[in-house]
Amino acid sequence: MNTLTTVLGYPRIGPRRELKHALETYWRTGDQDALEATGRRLREETWQQLQGLDSVPGNTFSYYDQMLDHVQLFGLTPARFRQLGLSPLDTYFAMARGRDDVAPLELTKWFDTNYHYLVPELDGTTTFGLEPDKLLGELAEARALGVELRPVLIGPLTFLLLSKATTPDLNVLTLLEPLLDQYVELLAVLDQAGSGWVQLDEPALAQDRTPAELDALLRAYDRLTAAPDRPNLLVATYFGDPGDALPVLAATAIEALAVDLVSAPGLVRRIAELPSLRRKTVYAGVVDGRNVWRTRLGDAVSICTDLRAVVGRLGISTSCSLLHVPYDLEVEDELDPAVRDRLAFARQKVDEVVLLGRAINEDYGVLVDLERVKRRLPNESDLLRDQAVRERVTGVRPEDRQRVPYEERRTAQQALGLPALATTTIGSFPQTADVRRIRTDLRAGRITQSEHDERLRTEIRRAIELQEELGLDVLVHGEPERNDMVQYFAERLDGFATTRLGWVQSYGSRCVRPPILHGDVSRPGPITVGWTSYAQSLTARPVKGMLTGPVTILAWSFVRDDQPLATTADQVALALRDEVADLVTAGSRVVQVDEPALRELLPLREADRKAYLDWSVGAFRLATGGAPAAVQVHTHLCYSEFGAVITGIDGLDADVTTIEAARSRMEVLGDLGSIGFRRGVGPGVYDIHSPRVPSTDEVRALIRAALAVVPADRLWVNPDCGLKTRDWPEVRDSLRNLVSATREVRATLG
């Protein structure tokens, strides 16, 4: 039988962020017709681009997040949102963004990617109810265009394991049977609608799973495959080896299994040892869905050939959804050709899947020859090597990653004169259309460099004046010069390339353009010193120097795959170490090195985590290890769920650690308390991912909750994250309430 081809998902924001612009217009104007028209156009364009595949995934489009779509699909909208009396669409967005005094669902990372999902809430009274209109409407919409879709759903085990129990001691797996009732009913509905296949995504199987969870997996798929009216089932595992879950799935009556052979190439051997897979279709995920390097076609053909010999039928696919890579390389005509020739974005990866299918079905020798001609292996490229950088990394000593003990630093830093419950922000201030236009005008030649710089200085003055007016204790310059916290540095470090339209969705309408780290990294000259020094000249209060940490730069870039991440991280860390030294020389007394992605890169398997934390913490300490004792080093982390990296947070040895905590209501402080954390900490009291302005009462309650765990002389008060995505009125009102609440609580201290 011929080899089948598919992808597990596709980007949905539009090649020019059309969905972002439509969403933000809808939130301003309420024009639902325009939003839905944009959605239809983007879906149609996607289906057309995927027509060369044997099977086209559906239900991968979302106005905000696929987990949030499933909240509505299964009737799980929490009561606080139902009581708002809004339309279904506005209720959906209220869950994502909050509304008035109603807090949104918690936002956190999708496994170890830079995508964020909204966390479903479950409690002891949870009931399910199927609402499949969106899904059925999309199937009908595609069929009218002559396209048959394979609906993609989050699998039942992953959906429950990623949900949050809001009732104490609730085991979410106790809700498996009633949830499966809905899946069985949905499969019958899809069968009646003419769907031949349904894809059920179970990426949670790439994590360590308990015997009880594996038993739940078996019960779930035995139940689903026994359903009398259902399409064929393709279960997709990705982001790693499914471990003990692989033989469990193989033993069920599912018709097909998709495996990630990019992150887990050893699965070919394990699959060969499972006779039950000789009766199933197995999709080989040999095209990387998470990075932008071209597939080594010859290697992929060899893997697929080996796998075809031990399974019932072979399919070829991406390793995971292409949601995590940009749309199209063809528009990137400004990239260095030597870099560009080594890349593949979503459209090119679809082409690779199709080519691999042809190679297996017809003659793969042609593709092997093409591979030899067109791809230069990374370690053969002159772009990659800088001997001076490599020698510097080799020469790093253990003492380069150490500062003097914290108590000595704390004494030296008393010269800053900061009060108990010191207030600050995380770094960025609103990136308004006017701010973005300054950069656009410079690129277009409408203003000179000196005019550009003066306009940015005006924005910095505005930020400093507001912070002084409100009474914040440690200020920031607001970062108006930065397009993105990683891209800004990538554009000023050797070893990186940046794109023009390489947008990737982070959450909702928030998009990023990850740089491409293709070579050895070094710093040609100072990056932030001029702007920070100017801001400090405007005030007597300390202004933080603001840097992005080495782990986050790696996590939010597409990183070379020819050397260990630890080596690349140390190269970036040394460049940042030089920047810290220059900031200190210029007079900075506080330097913040942000690591919001420390949790993000954490390996999904426990066995791999210590090695990761060793090198990631080591890179941060290399970047900050040269700071004098009197210089207060801050770091910032995002997106809650810090328990798994809590020892790493302690190991960073920052003087102050600010952490996202508002949506999770200070849960992280329990983790910090459990390890005896003794340095400064600033759990966020203002959720910046929502347009809500937190009241003084709300902030005061969060500060008091934090004071129950952290003494006032070590507790900082700050927002969850940077304020880039908010507008000035929201920021002004929110920070005013933050400072007011802090002063009220401070007045009650002994």
Side-chain angles (χ1 to χ4, degrees), residues 98 101 103 413 416-430 459-480 535-536 538-544 546 589-590 592 632 634 636 655-663 665-666 669 680-750:
D101 293 327
Q413 291 163 19
L416 290 168
L418 299 174
L421 304 182
T423 56
T424 190
T425 64
I426 303 306
S428 59
F429 268 67
E459 292 295 328
I460 292 171
R461 285 196 299 272
R462 177 184 187 181
I464 295 293
E465 289 169 0
L466 174 63
Q467 293 170 88
E468 288 208 312
E469 172 196 331
L470 294 175
L472 289 159
D473 298 305
V474 175
L475 313 188
V476 298
H477 78 284
E479 305 176 11
Q536 187 64 78
L538 302 175
T539 179
R541 302 183 187 197
V543 175
K544 289 190 283 190
M546 298 298 306
R589 295 172 289 166
V590 181
Q592 181 169 309
Q632 192 172 72
H634 290 223
H636 175 68
D655 300 304
V656 179
T657 302
T658 52
I659 300 177
E660 181 275 323
R663 285 198 185 189
R665 311 300 293 180
M666 299 291 160
L669 293 182
V681 61
V685 297
Y686 162 24
D687 173 19
I688 65 87
H689 299 294
S690 167
R692 294 177 60 249
V693 173
S695 68
T696 302
D697 289 344
E698 182 180 339
V699 174
R700 185 170 55 242
L702 288 171
I703 295 172
R704 286 177 173 160
L707 279 170
V709 182
V710 182
D713 63 340
R714 291 195 290 109
L715 182 65
W716 285 65
V717 182
N718 45 262
D720 269 345
C721 199
L723 302 170
K724 175 180 179 178
T725 61
R726 305 272 55 92
D727 61 36
W728 281 103
E730 287 174 24
V731 166
R732 184 178 293 105
D733 291 347
S734 298
L735 293 181
R736 181 178 289 113
N737 291 350
L738 182 151
V739 172
S740 177
T742 302
R743 287 173 174 168
E744 290 178 21
V745 176
R746 194 182 283 159
T748 67
L749 300 176

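Side chains included, hydrogens not; waters and symmetry mates left out as well; all remaining heavy atoms used.
- Residues Gln413 and Val590 are not in side-chain contact: their nearest non-hydrogen atoms beyond the backbone lie 4.5 Å or more apart.
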After noting the C-alpha distance and the side-chain angles of Glu479 and His477, does the key distance pass the side chain to side chain donor-acceptor pair (under 3.5 Å) rule? CA-CA 6 Å; Glu479 305 176 11; His477 78 284; 5.6 Å; no
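- Counting heavy atoms from C-beta outward, Pro694 and Asn737 have side chains that stay 4.5 Å or more apart.
- Taking both residues in full, the closest heavy atoms of Ile460 and Pro480 are given as CG1-CG, 3.7 Å, listed atom of the first, atom of the second, then distance.
- Nearest heavy atom pair, residue Gly471 against residue Val739, reads O-CG1, 4.3 Å.
- Expressed to the nearest 0.5 Å, how far CG of Asp655 lies from CH2 of Trp716 amounts to 9.5 Å.
- Thr425 is not listed as a side-chain neighbour of Val474, based on a closest heavy-atom distance of 4.5 Å or more.
- Checking side-chain atoms of Gln536 against main-chain N and O of Arg541 turns up a donor-acceptor pair under 3.5 Å.
- Only one option out of Thr742, Thr424, Thr423 pairs with Asp473 in a side chain to side chain donor-acceptor pair (under 3.5 Å); it is Thr423.
- A heavy-atom distance below 4.5 Å is found between the side chains of Leu416 and Arg589.
- Taking CD of Glu730 as the start and CG of Leu735 as the end, the distance is 11.0 Å to the nearest 0.5 Å.
- Not counting sequence neighbours, the partners of Phe429 by the ring-ring contact (aromatic ring centres under 6.0 Å, His included) test are Trp728.
- Side-chain contact between Ile426 and Thr658: present, with at least one pair of heavy atoms (C-beta onward) separated by less than 4.5 Å.
- Taking every heavy atom of both residues into account, Pro719 and Ile688 meet most closely at CB-CG2, 3.8 Å.
- Under the 3.5 Å distance criterion, the side-chain polar atoms of Arg746 are matched with a main-chain donor or acceptor of Leu421.
- A 4.5 Å side-chain heavy-atom check between Tyr686 and Arg726 finds at least one atom pair inside the cut-off.
- Considering all non-hydrogen atoms of both residues, Asp720 and Val685 come closest at OD1-N, 4.4 Å.
- Listed by chain and number, the residues in a side-chain hydrogen bond (donor to acceptor under 3.5 Å, both in side chains) with Glu468 are Thr539 (sequence neighbours excluded).
- Between Val731 and Asp727 there is no side-chain heavy-atom pair separated by less than 4.5 Å.
- In this structure, Pro683 and Ala706 approach most closely via the heavy-atom pair CG-CB, 4.0 Å.
- Minimum heavy-atom separation, Val476 to Met546: CG1-SD, 4.3 Å.
- The structure places CD of Glu698 at 11.0 Å from CD1 of Ile703, a figure rounded to the nearest 0.5 Å.
- A donor-acceptor contact shorter than 3.5 Å links the side chain of Ser428 to the backbone of Leu723.
- Side-chain atoms of Glu660 and Cys721, non-hydrogen and from C-beta on, never get closer than 4.5 Å to each other.
- Remark: the backbone N or O of Leu475 is not paired with any side-chain donor or acceptor of Gln467 at under 3.5 angstrom.
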Determine, step by step, whether Val745 and Val717 satisfy the side chain to side chain contact (heavy atoms under 4.5 Å, CB included) criterion, reporting the C-alpha distance in whole Å, the side-chain angles of both residues, the deciding distance to 0.1 Å, and the verdict. CA-CA 11 Å; Val745 176; Val717 182; over 6 Å; no
Apply salt bridge (charged side-chain N to carboxylate O under 4.0 Å, His left out) to Glu744 and Arg704, showing your working. CA-CA 11 Å; Glu744 290 178 21; Arg704 286 177 173 160; over 6 Å; no
Audit row: His634, Gln632, side chain to side chain contact (heavy atoms under 4.5 Å, CB included) steps and yes/no: CA-CA 6 Å; His634 290 223; Gln632 192 172 72; 2.8 Å; yes
